[in-house]
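Encoded as structure tokens, the structure appears first; notes follow it.
Letters go in sequence order (proteins before strands), and every chain restarts at 1.
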Amino acid sequence: MPELPEVETVRRHLLPQLANRRIEKARFLDQRALPFMPKEDAADVLSGRTILDIQRVGKYLLFRLDEQMLMVIHLRMTGRLYVLTRRTPPDARYSAWIQFDHGTGLCFQDTRRFGTIYIGDRQQLMNIPGLANLGPDPTNDDWTGQCLLRQIQKRRAPIKSLLLNQTIVAGIGNIYADESLFCAGIHPLRMGMELTAKECDQLARCIKNILHDAIAFEGTTFRDFRLGYDQSGSFQERLQVYGRTGESCRQCSGPITKLKIAGRSSHYCSVCQPK
DNA sequence: GAGAGCCTGGCG
DNA sequence: CGCCAGGCTCTC
């Protein structure tokens, strides 16, 4: 479900509600959410811990706990995290449930059950595939078109697949890859090695602007992404190409085309993004 | 570098 | 019924 802007939105939403809250008890209802730890152990480790801070790295949420412990959550496609302020009994629909003092609860709900939770110290969490070799965060000031150029200039793969590769740059997913390529006027099938330094600069600027705006509008809500129980983001109203197959381009009124690249649907304007 | 696989639900 | 879905991992 969520890409960088949605994960950042969730982080900003959870932090003020959960900071300095002490975990009374945790219940994991679905072992699949905890690939590296028996669920009973996870509940034991979390019990009594306090949430000190919530950080984001790429699409991962890092809950910093006392005693040097961390809980890392990846929502994948359909994961949702929300706070319930009344004491509600755990429900079979939840993959995990964390009960705090004062009756607050955090629940993790995940229809497709791809989402994952990892618990451990910093050392242990570096074994998580994906976290260990995660690329730079594009919202960081020191990430520039030059960094992008360096990563892709020898790659014979479509730029669309390279943007989805989390070791090259972290946090971009299918929506924002398509939107960024449209903004930069780059066809999604252009090979990484074909892109000039100037195009990389342009693309990096577009990525930064789009992610920034998407965060300001609290992300894109299509189906599963929700802030809390029922609030939505509103960036979907500003999408230029994603999900607009057959509609007309807002720049040139040409048709928006859909193409399968690396197994993912890619939306682009063949006029604004020539091959 | 491409494709299957992991899952469930909604839509045509 | 088949196809599609804001992700990622593993295998060939």
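- Rounded to an integer number of Å, the gap from Arg76(A) CZ to dT8(B) P is 17 Å.
- The main-chain N or O of Gly233(A) is found under 3.5 Å from a side-chain atom of Thr221(A) such that the two form a donor-acceptor pair.
- Through chains of ILVMFWY side-chain contacts below 4.5 Å, Val241(A) is grouped with Phe182(A), Ile256(A).
- Remark: the separation of the P atoms in dC7(B) and dT11(C) is 16 Å, to the nearest Å.
- As a whole-Å value, the separation of Arg264(A) CZ from dC3(C) P is 18 Å.
- When the side-chain nitrogen and oxygen atoms of Lys260(A) are compared with OP1 and OP2 of dA5(C), one or more of them lie within a distance under 4.0 Å.
- Across the protein-nucleic acid pair, Gln109(A) atom CD and dC7(B) atom P stand 18 Å apart, rounded to whole Å.
- Both key distances under 3.5 Å define a Watson-Crick or G-U pair, and stretches of 3 or more such consecutive pairs in DNA chain B run B:1-6 with C:7-12, B:8-12 with C:1-5.
- As rounded to whole Å, 13 Å separates atom P of dT9(C) from atom CG of Leu164(A).
- No side-chain N or O of Tyr268(A) forms a donor-acceptor pair with one of Gln240(A) less than 3.5 Å apart.
- In this structure, Gly173(A) reaches the sugar-phosphate backbone alone: every heavy-atom distance under 4.0 Å involves primed, P, OP1 or OP2 atoms, never a base.
- Regarding contacts with the backbone of dG7(C), every side-chain N or O of His74(A) stays at 4.0 angstrom or more from both OP1 and OP2.
- No hydrogens or angles were tested; on distance alone, a donor-acceptor pair under 3.5 Å links the side chain of Arg112(A) to the base of dC7(B).
- Rounded to whole Å, the distance from OH on Tyr60(A) to C1' on dG7(C) is 9 Å.
- For the two cysteine residues Cys206(A) and Cys183(A), the thiol sulfurs sit under 2.5 Å apart.
- Among the nucleotides dT8(B), dC6(B), dG1(B), the one closest to the side chain of Arg156(A) is dG1(B).
- Using a 4.5 Å heavy-atom cutoff, the side chains of Arg80(A) and Leu75(A) are not in contact.
- Not one side-chain nitrogen or oxygen of Gln166(A) sits closer than 4.0 Å to the OP1 or OP2 atom of dG7(C).
- Look at Thr78(A) and you won't find any side-chain N or O under 4.0 angstrom from OP1 or OP2 of dG9(B).
- Atom-to-atom distance recorded for Ile172(A):CD1 and Glu3(A):CD is 8.5 Å, nearest 0.5 angstrom.
- Annotation for Arg238(A): atom CZ counts as buried by contact number, over 12 foreign heavy atoms lying within 6.0 Å.
- Between Lys258(A) and dC4(C) there is no side-chain N or O to OP1 or OP2 distance below 4.0 Å.
- Following rounding to the nearest Å, Gln31(A) (CD) and dC6(B) (P) show an atom-to-atom distance of 18 Å.
- Comparing dT8(B), dG1(B), dG7(C) by their nearest atom to the side chain of Phe114(A) picks out dG7(C).
- Atom pair Ile117(A):CD1 and dG7(C):C1' shows a separation of 16 Å (rounding to whole Å applied).
- Among the atoms of the strands shown, none is found under 4.0 Å from any heavy atom of Thr116(A).
- Remark: Gln31(A) CD is packed, more than 12 non-hydrogen atoms of other residues, nucleotides or ligands lying under 6.0 Å away.
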